[in-house]
J.: 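Encoded as structure tokens, here's the structure I'll be asking about.
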Amino acid sequence: MGKTNLHSGHRERLRKRFLEEGLDAFDDHQVLELLLFYAIPRNDTNPIAHRLMKRFGSLSAVLEADPKDLATIEGMGENAAAFLSMLPQALRRYMKGKASKENPKLNDPDKAAKYVMPLMAGRAEEVFYVLCLDAQLKVNYAALVSSGTVKEAQILPRKVVEEAIRHKACSVILAHNHPSGTLNPSQSDIELTRQLSDALHRIDIKVQDHIIIAGEDFFSFSKEGLMPESAI
């Protein structure tokens, strides 16, 4: 029996197992192996999956890696690298669409965090969103105003004001992530919240909260009593 038949039989068994059991019982390298079936149709993806795990350390790290780095792994190539990098972004689109369809009132920090977590899922870079809310505290639009860093605070007030006006916000919720996993706000986070609250206060738009996402945890400025006076 040739290698092609062996690979075909193994692929079919793994695919069937997924259809019967789901992914919960799979090891990380097996999830990668299964995913790579659809990007690398002819080669054995098991050793490639092991190489990826050895290089990046975890499934999440593989999916969050730069596609250029993924493509350097033996057996990968640009197409497979692009496919893996696409998965977290597709997941964000799915989760964002699901949350937008439900469109709950974001009238407490837990609801706000639940809404913004999908926007941050699988991101290796820091991103900053402004949720533009209507009078019922429902989201008109989730505006991405910065990607890569939030330290360039001098450009954010103008962008935030523009987005709030464009999407007819009665109030807003600020949100960004800490990919490092550190949950507590930095001094620059606190100063940025003050600057944005002051800027929006001048046009009668209230900042309801500032949510920081770190993995599956969140920090709420309003819950911790850290919202500036202009937002109270």
Side-chain angles (χ1 to χ4, degrees), residues 1-102 114-129 142-150 175-181 213-218:
M1 184 180 293
K3 287 186 177 181
T4 300
N5 290 335
L6 285 172
H7 296 163
S8 177
H10 175 65
R11 286 174 179 240
E12 188 56 37
R13 286 191 295 273
L14 203 60
R15 189 180 295 110
K16 184 177 180 181
R17 180 184 167 197
F18 160 68
L19 292 173
E20 293 176 349
E21 303 176 11
L23 289 179
D24 289 346
F26 278 54
D27 294 331
D28 280 0
H29 79 273
Q30 292 174 319
V31 175
L32 272 176
E33 183 182 358
L34 180 63
L35 290 172
L36 288 171
F37 287 174
Y38 302 95
I40 305 173
R42 302 186 187 283
N43 294 338
D44 183 4
T45 60
N46 180 275
I48 302 173
H50 280 287
R51 290 184 202 113
L52 287 166
M53 292 296 296
K54 183 177 180 180
R55 168 65 176 80
F56 297 100
S58 69
L59 176 62
S60 60
V62 170
L63 297 181
E64 293 169 4
D66 189 304
K68 292 180 181 178
D69 293 331
L70 292 174
T72 65
I73 301 301
E74 182 184 350
M76 280 291 292
E78 292 182 357
N79 286 341
F83 175 74
L84 291 184
S85 297
M86 195 186 305
L87 295 174
Q89 298 182 44
L91 175 62
R92 283 198 298 273
R93 292 290 290 269
Y94 163 75
M95 295 177 71
K96 180 182 177 182
K98 187 175 181 180
S100 298
K101 185 177 180 180
E102 296 171 356
K114 184 178 179 181
Y115 188 96
V116 300
M117 276 184 180
L119 303 177
M120 316 295 185
R123 291 192 183 272
E125 79 282 9
E126 198 165 288
V127 293
F128 195 100
Y129 275 87
L144 175 63
V145 296
S146 179
S147 178
T149 179
V150 296
H176 79 279
N177 63 328
H178 283 174
S180 65
I213 301 296
E216 297 181 357
D217 296 322
F218 76 93

J.: With distance as the sole test, does T72 use its side chain to make a donor-acceptor pair with the main-chain N or O of D69 at under 3.5 Å?
T.: yes
J.: With side chains defined as the heavy atoms from C-beta onward, is the minimum distance between L34 and F18 less than 4.5 Å?
T.: yes
J.: Mark yes when over 12 heavy atoms from residues, nucleotides or ligands other than N79 sit less than 6.0 Å from its CG; otherwise mark no.
T.: no
J.: Is there a donor-acceptor pair closer than 3.5 Å between any side-chain N or O of S58 and the backbone N or O of A61?
T.: yes
J.: About how many Å separate NZ of K68 and OG of S85, when rounded to the nearest 0.5 Å?
T.: 11.5 Å
J.: Between L32 and L84, is there a side-chain heavy-atom distance shorter than 4.5 Å?
T.: yes
J.: Looking at every heavy atom in both A81 and P67, which two are closest together, and how far apart are they?
T.: CB-O, 3.3 Å
J.: I'd like to know if the side chain of R11 reaches the main chain of F37, judged simply by a donor and an acceptor atom lying under 3.5 Å from each other, with no hydrogens or angles considered.
T.: yes
J.: Answer whether the closest heavy-atom distance between the side chains of F218 and V116 falls below 4.5 Å.
T.: no
J.: Mind running side-chain contact (heavy atoms from CB on, under 4.5 Å) on I40 and F83 for me, showing each step along the way?
T.: CA-CA 10 Å; I40 305 173; F83 175 74; over 6 Å; no
J.: Tell me the closest heavy-atom pair linking E74 and R51, and the distance in Å.
T.: O-NH1, 2.9 Å
J.: Between the main-chain N or O of V127 and the side-chain N or O of N177, is there a donor-acceptor pair closer than 3.5 Å?
T.: yes
J.: Determine, step by step, whether H29 and N46 satisfy the side-chain contact (heavy atoms from CB on, under 4.5 Å) criterion, reporting the C-alpha distance in whole Å, the side-chain angles of both residues, the deciding distance to 0.1 Å, and the verdict.
T.: CA-CA 8 Å; H29 79 273; N46 180 275; 4.2 Å; yes
J.: Any idea which heavy atoms bring L36 and M76 closest together, and the distance?
T.: CD2-SD, 4.0 Å
J.: Tell me whether the count of non-hydrogen atoms from other residues, nucleotides or ligands lying under 6.0 Å of CD in E216 goes above 12.
T.: no
J.: Going by heavy atoms in the side chains, are R17 and F26 under 4.5 Å from each other?
T.: yes
J.: Should the pair F128 and H176 be assigned to parallel (<30°), tilted (30 to 60°) or perpendicular (>60°) ring geometry?
T.: parallel
